[in-house]
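Working notes, beginning with the structure itself.
Naming: A, B, ... by sequence-line order, numbering from 1 per chain.
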Amino acid sequence: MLSPYLLLLLVPAPPLAVFLILGLDPFFLRRKAVQALALLGGIAPFFAMLPLLGLCLGTECYGVMPIFTLVFGQSEVALALLLDPMSTLVGLTVAAVGALVITYAIDYMSDARIADLRRFFALMNLFLAAMLTMVLAGDTITFFFGWELMGLCSFFLIAYNTSLPQAVAAGRKAFIITRFADAFLLAGLLLLFLEANSVRLDVLIPAGTMMTEERHVVIALLLLAGALGKSAQVPFHTWLPSAMAGPTPVSALLHSATMVAAGAFMLARFSPIVMSEPAVQTIAAIFGAGTAAFGALSAIFQTDVKRLLAYSSISQIGFMVLAIGLGAPEVAIAHFVVHAMFKSLLFLAAGDITHGSDLGTSLQAMRGALRRRPISFLAYVAGAASLAGLPIVTAGWWSKEAILATAWEGGAFGIAIWVLALLTATCTAIYAFRPVFEALQPEPAHISHARRGHPVALDLHYRPRWGSGFITLPLVLLAAGSLLGGIIVGPIIRFLGAEAPHPAHLPELVAAVAPFVGMAGAAAITFVPALAAAVAGARDMRRPTRLDRKFQRWVIEPYVRLVRFLAGNRIGARAEAELELRHVQIVRWLSRGARMDGIYQALFVRPFVNIVRWLNGHRGGTVDPVGTFPVSLALQGTQALVERLAHDRFDRFWMRLANRLVRLWVLVCAIQTGRSRDYALGAALGTAALLVIAWGTTWN
Amino acid sequence: MSGATFLILLALSGGIFATGFFGLMARRAILFQLISLEMMLAGPALAFLAGGAWHGSQQGQAMFVFIIILAAAEVALGLALYLALRRGADVEDSDTITGLKH
Amino acid sequence: MSDLAAIWCASVALACAILAVTRPAIVHALIWLVAALLSLAGCFFALGAGFAGAVQILIYAGAIVAVFVFVVMTADASPEALARERARLAQGWRRPAAAVGLVALPLALGLLAGGTSPAAAPDSGPSLGAILFGPWAVAVEVASGLLLAALMGARHLGRRREEP
């Protein structure tokens, strides 16, 4: 009798197989065959998940599929896949979004060279397989394996355009920062393993909740740090906006259901451990709410639609972390599902609208979208409405409302968080609708209708208004999900075994008004020329070069000070100017992601580079300090003593010692002949000595 | 198996090992040294199997499997190195290769 | 009876080994190596370790020596090379012999010293596979990693570089 849980193995297997075929490619496949294989690998997990969902809804929703078990003394290493409500739900979401994104990528990437296409789809499939493996993992080893594999794939995919140095740099940055955070996760998981003597989640998590106090706090904090890094939360957020260097389908997959959301999923998975420690829970809530607010504020000032969406991902995942911090992982998972739908929709639609534009992915490239790509534009509007959380009609409202209601019920601290989250929701609506209003404006004259990156004569390669089915179908399905998905938020929360929160009427009404306020704000900064100029001005000041900064510091500022001094320090004007200056600084700070990159550069990268340089003999360092250390220590030591004792007997004694050391060194060097036979002779003598010792010690 | 047989087999395996060791040190051509290394691995293999037979345990054979894996890896790398040396500088005397000294 | 066979085969192996490391011609040395390995295989059969004997014949005397043969084909087999090899051996055998004597002496002393505790249980223990893939599974994994590394190393060393 075959266990029905064998199906679990079939979920990550097809993309993995497609990765192997495309990666090794023994057949020299043609373009059509590569696309067909990629599509197969992308869609198959979804159809493998469907019977599992049926199983889960119908009978018992708990099953373990052991893969491999090894017992070491008391500890056991048991690799397994696990089916429970959370893994079913998240796995289904990941499989669905992955299938749609890969379908979209078939058309989107169709102009790439065949070798690039193969690499791209091989990695996309591996990425999907890794995420599914992580979601369905029943033990920490499989979990960590999927987690790391995903990090590796994201590195390769972000650096997909290997000819662009900034793409490679962005990939490296993503890899290093997430790896740094993964070290925390690994430490936490290993400590948990030591505690539970098992890697199986069903043993590990109950054991984790019953630990002693100190270890508990440490492990919960380590897990939290790992999740913050993977989910690009403050202070690890800098890699995500840079990661936009990858192609749009990569961003759509990376930002919606996989990679960044993996951190939130991990926290939800290990939520019993995090939740049994109130202090850590509070920290998670504060980090989540802070990141949500920060991401939303930063997103308003972006001029590139993909960067804007990146900051929005940071912000939305902040909401998930907040929900977990408030003790409602079920609500976080519901938001995960809804966010996966509307965020992939936004990326896919924006990518389709700006595809092949001369302006890259800047906001201006969105202009004239209604005329050029009506379906994509309408899909984008649906996604933006869901992101902003327009009441009742969008899925985003229901899940965000559940988070807000959970916060409202959480006492005084909860109400403070609620206020912050409400302000964040308003900002969310502002940045969500900015690209929409931008797209309503007429197209700038100099957009040539170059199709897919070929700069050709005007209108020769005009893109058809209606995209192919590979683009339209995912957009329509995701748009439907983003709008109608609200009806499944309640069932999801109940399915995961919790009660949907019922908010009071007043806060619900206030929360319902917030998106409209945000929409008005977005309209204002798009259509009111003065405000638009202010935001655009912030953008122009965003990237001062080094020369600019020097000029500012050494020429302009002294000049301003001099003028003020000569003008007799009129206080009113000065205060006004400072206020102005501060305003500009804050905007600039936000648009650059709080300058965390610069801080990292100064704190970690540059000292490390300096140490390495010093160790290599630059800047007055010594070449190979480890090797020369003993000799230089001996010489310095004798010298120091000689200075003390002047020229007497001690002096001569020490000098003789030092000289002998040098002679001894020469003698020892003579053994180094480089001939293997001499070394064999040395080994023989050593063996003989060891044997004599062994014989002597066992003599009786 | 009698105890005397066991001791004799151990002595013979030690002899095979020592012969290989002698060849490794006495010969200068790389190929001869590789052959000597094979002998050095064969000696302990005999000792393990004799021990396994003496104690009635299959672990001797299991260790033999590891030895053969080691021998395969050693031969693959050794011969590849030999061919690379021959191709690069036409060296077959191991005494002339002293470039890794410092 | 099988004891005598084992001792006889091992003695032959020792003699062949001595010949293998002292022949000046590489082809002769290789033939003596094969002879030594085959007689060791006979010794393994006599000891009741049929699997080890078969592996010794198939992999050691078969596959590994076959690789040797391919390489030996590229070696220099002229009379001058033979004379040079003989001269080298005549010139430098004393020091290695002394060193080997130093190693062999404590080995022999250890044999004399160690008592022969009778522990011979019947050869009906757990099967070989159960050991290799049960308690020793990690070692097998490590060994497979070693083989993989050797494969990649040989591939790397053996690749043809472009002439500058």
Side-chain angles (χ1 to χ4, degrees), chain B residues 1-3 5-16 18-23 25-29 31-32 34-36 38-39 42 45-46 49-50 52-62 64-66 68-77 79-84 86 92, chain C residues 3 6-7 10-11 13-14 17-18 20-21 26 29-30 33 36-37 40 43-44 47-49 51-52 55 59-60 64 67 71-72 74-75 85 88-89 92-93 96-97 99-100 103-104 107 111 116 119-123 125-128 131-132 136 139 143 146-147 150-151 153-154 157-158:
Chain B
M1 184 195 281
S2 68
T5 312
F6 180 51
L7 283 185
I8 292 171
L9 281 178
L10 280 188
L12 285 170
S13 80
I16 293 176
T19 309
F21 214 166
F22 169 77
M25 286 182 288
R27 308 305 296 255
R28 284 167 64 176
L31 272 178
F32 283 104
L34 285 176
I35 287 180
S36 307
E38 294 304 313
M39 297 317 333
L46 176 59
L49 278 167
W54 172 246
H55 290 291
S57 155
Q58 293 278 30
Q59 295 186 357
Q61 284 203 68
F64 174 74
V65 170
F66 287 126
I68 220 161
I69 288 172
L70 195 64
E74 173 253 317
V75 163
L77 280 179
L79 291 178
L81 268 174
Y82 171 74
L83 286 178
R86 281 292 301 273
E92 55 95 39
Chain C
D3 285 12
I7 291 173
S11 313
L14 177 59
I18 293 172
V21 301
I26 180 69
L30 198 57
L33 173 71
L37 294 176
L40 268 184
C43 178
F44 295 167
L47 287 174
F51 175 74
V55 166
I59 296 181
Y60 226 133
I64 294 181
V67 180
V71 175
V72 163
T74 71
E85 201 56 49
R88 279 179 185 166
L89 193 59
W93 64 273
V100 165
V103 177
L107 273 181
L111 279 185
T116 51
D123 187 6
S127 72
L128 182 59
I131 295 180
L132 282 180
W136 292 16
L146 176 73
L147 275 181
L151 177 70
L157 288 169

Sort [X] into side chain, backbone, both or neither according to what part of it lies under 4.5 angstrom from a heavy atom of chain C.
X	value
B:I16	both
B:F66	side chain
B:L83	side chain
B:E74	neither
B:I8	side chain

[X] [atom1] to [Y] [atom2] distance, which is reported to the nearest 0.5 Å:
X	Y	atom1	atom2	value
B:L12	C:C43	CG	SG	8.0 Å
B:T19	C:L14	OG1	CG	5.0 Å
C:L30	B:F32	CG	CZ	9.5 Å
C:L47	B:Q61	CG	CD	10.0 Å
C:I64	B:L34	CD1	CG	11.5 Å

Task: Contact winner vs chain B - C:A29, C:A99, C:A20, heavy-atom pairs under 4.5 Å - done: C:A29

Open item on the list: If you count heavy-atom pairs within less than 4.5 Å of chain B, which of C:L37, C:I26, C:V55 leads?
Closed with: C:I26

Heavy-atom closest contact ([X] atom, [Y] atom, distance):
X	Y	value
B:A80	C:A154	CB-CA, 3.8 Å
C:V103	B:F21	CG2-CE1, 4.3 Å
C:L147	B:A72	CD2-CB, 4.2 Å
B:A29	C:R88	N-NH1, 4.1 Å
B:A26	C:L89	CB-CD1, 4.2 Å

Under 4.5 Å from any heavy atom of chain B, what part of [X] do you find: side chain, backbone, both or neither?
X	value
C:L40	side chain
C:L132	side chain
C:A36	side chain

Open item on the list: Using side-chain heavy atoms (C-beta onward) and a distance below 4.5 Å, is C:I18 in contact with B:F22?
Closed with: no

Selection from [options] maximising heavy-atom pairs under 4.5 Å formed with chain C:
options	result
B:A76, B:A62, B:A18, B:G23	B:A62
B:M39, B:R28, B:R27, B:E38	B:R27
B:I35, B:L9, B:L10	B:I35

Open item on the list: If the condition is ring pair (Phe, Tyr, Trp, His ring centres under 6.0 Å), which residues does B:F64 pass it with, not counting sequence neighbours?
Closed with: C:F44

